[in-house]
There are 2 protein chains.
Amino acid sequence: MAEAGAPTSVKEFEERLLDVSVALPKRLKQCADYVAANTDRIAVSTVAEMAEGAGVQPSAFMRFCQIMGFSGYSEMQRLFRESYVGGWPDYATRLDHLRDMGEHSGPRLLAEFVEASRASLENLLKSVDPQALEDAVEVLASASLVHIIGLRRSFAVASYIAYALEKMRVPAMLHGAAGRLESVNAIRPGDALLAITFSPYSQETLDLVETVRAREVPVVALTDAAVNPLRKMGATILAVSEVDFGAFRSLSATLCLAIALSTAVGTRRST
Amino acid sequence: MAEAGAPTSVKEFEERLLDVSVALPKRLKQCADYVAANTDRIAVSTVAEMAEGAGVQPSAFMRFCQIMGFSGYSEMQRLFRESYVGGWPDYATRLDHLRDMGEHSGPRLLAEFVEASRASLENLLKSVDPQALEDAVEVLASASLVHIIGLRRSFAVASYIAYALEKMRVPAMLHGAAGRLESVNAIRPGDALLAITFSPYSQETLDLVETVRAREVPVVALTDAAVNPLRKMGATILAVSEVDFGAFRSLSATLCLAIALSTAVGTRRST
DNA sequence: CCGGATTTGGAATATATGTTCCATTTTGCT
DNA sequence: AGCAAAATGGAACATATATTCCAAATCCGG
């Protein structure tokens, strides 16, 4: 019957499936075959659906789950559901917890942030629309001057982009750096604006985007995936969903996108 | 409230989400934002899980589904389960896919930088000496004022740390921000300096460290692993080896360490 | 072809999950 | 400040789904 340990990864699951299915009675073999061909459906289907697909009774499918080493279908399904969301247990709350627990040692926090950053990076590939990225590169590369705005928590990103563009000889101007100086009038037709803002969105940034849009200047926005005002303003949206808690945001994914964008603009321009 | 037709595709769903979420009360807005950032989870999560993720009650999330035009969560979930097709490609496949795009396209570069960042993060835990990190936290937390210096490519990191410390009410001062203004005299006994610099090290930063060390002010340095002048100056070294890609350094690992450090200092101080 | 062991189908049951309702709180208005 | 309308939380309820159980069917070695 079912051996001790249940598979803990999709890979293990598939190995076990092979092992097990050499000597299986008719109905259970049907289950094994159907599962092998439709592994991914497990995450979103009910036992009844899987059973029907395999052409067996739910109870037969149930037995199949147990032979695979799980206690039942639910446990088996959990494996696939978790692997689907790329497993990012809620880091925000986990970090909050850490704070409450008095577990403040530097190394411990570092480990948590590394994990959170890794998750954010994986997520980055999902949340950024490749087409939007191409568009953004096109818009920025063909601008005669790139204006960059990012305040508060986003200032770090803005300033890094400004640095990178400068290094690549792309004409760029960082706004909001010098003592809250407004430089709206420096933005002229033929230019483009790169706005960086995350919830809670700073009003100054939103205002600038609006003003600039009214003048038909194209806007690229580096922002979060949440429904935010920028979406309504006709900007090219590059969405990053980053783990953040309280005042903090592990900017790793954002920075990564920022550099990719800058580099792409730089190379596009010089060719 | 809910208008007639429910969305029949993910695209329609997203449009509706935007329409709807302009005027939404607090809790429902939370739902909308969480859903926008985690659309793919709907297929494999229960209302309870979604509600928890959004930080609301299940009943609130239920209302959200109805506002979106569905009869309830089950109906909304069906939409995503059906469009789940063969499951989204996992991280590795996604990366490969992006890589296959044109040589210098934005998505291609993004894939490369994500890979570089991921590698850097993995190194980070190895390259940072836990003891040094603890020491650094101690030094910064017990300083009456934390001075931060980081120029050129390191300025982004410096400004982010300054922002984070400020948010946590740790007295901090960012040097070099306002028009190359020197503020050496602001550094007094009892303070500490946090210097951020990577090869090629900027002379101004090195000079400042030297000056300050002469006055017995402790220095924490966020720098690369290479043998560098700072090691000779009796600073507490936090080494980050960032994987370079082309001319640019993905700052992901550095930022990650920066945040962990800031958070640790902030919490240490407040206890 | 017989008898024991194995496998199967389907109904009965237990559990998890979705959904609704209403008392309480918050918001917005005059 | 006082009121009405809207929003919210949480418990009660309904439904869907997983799981178990056992009698009937099937298989297999003599």
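Lettering follows sequence order; numbering is per chain, from 1. Because only heavy atoms are used, hydrogens play no part in the values below, and waters and symmetry mates are left out as well, while side chains stay in.
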Name the pairs: protein N/O against N/O of nucleotides 12-14 of chain D, kept only if under 3.5 Å.
none

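In this structure, A:T197 has no side chain to side chain donor-acceptor pair (under 3.5 Å) partners at least two apart in sequence or on a different chain. The side chain to side chain donor-acceptor pair (under 3.5 Å) test applied to A:S21 returns no partner, not counting sequence neighbours. In this structure A:D135 satisfies the salt bridge (Lys or Arg N to Asp or Glu O under 4.0 Å) test with no other residue, sequence neighbours excluded. When the side chain to side chain donor-acceptor pair (under 3.5 Å) test is applied to A:T236, no partner is found at least two apart in sequence or on another chain. For B:E49, there are no side chain to side chain donor-acceptor pair (under 3.5 Å) partners two or more places apart in sequence or in a different chain. Judged as a salt bridge (Lys or Arg N to Asp or Glu O under 4.0 Å), and not counting sequence neighbours, the contacts of A:D33 are A:K29.
Per the geometry, CZ belonging to B:R81 stands 14 Å off P belonging to D:dA16, to the nearest Å. One interatomic measurement links the two molecules: CZ of B:F70 to P of C:dT19, which rounds to 12 Å at whole-angstrom precision. Spacing between atom NZ of A:K29 and atom P of C:dT8 amounts to 13 Å, rounded to whole angstrom units. For the pair A:I67 CD1 and C:dT8 P, the computed distance is 9 Å after rounding to whole Å.
Over its full length, the helix from C:dC1-D:dG30 to C:dT30-D:dA1 turns its helical axis through 30°, comparing axes from the five pairs at each end and rounding to 10°.
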Anything under 3.5 Å between a donor and an acceptor, one on a side chain of residues 69-76 of chain A, the other on a protein residue two or more places apart or in another chain? List them.
| unit_1 | atom_1 | unit_2 | atom_2 | d |
| --- | --- | --- | --- | --- |
| A:S71 | OG | A:E75 | OE1 | 2.7 |
| A:Y73 | OH | A:I42 | O | 3.3 |
| A:Y73 | OH | A:S45 | O | 2.8 |

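A salt bridge (charged side-chain N to carboxylate O under 4.0 Å, His left out) check over residues 215-239 of chain A, counting only residues at least two apart or in different chains, returns the pairs A:K232-B:D19. Within the structure, ring pair (Phe, Tyr, Trp, His ring centres under 6.0 Å) contacts touching residues 8-54 of chain A (residues at least two apart or in different chains) are A:F13-A:F80.
Distance alone, capped at 3.5 Å, is enough to place a donor-acceptor pair between the A:E12 side chain and the A:T8 backbone.
The side chain of A:Q57 contributes no N or O atom lying less than 4.0 Å from OP1 or OP2 of C:dT8.
B:A141 and B:R269 get closest at one heavy-atom pair: O-NE, 3.2 Å.
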| remark: Letter by letter from the 5' end, nucleotides 18-30 of chain D scores (B base, S sugar-phosphate only, - none; protein heavy atoms under 4.0 Å) SSB----------

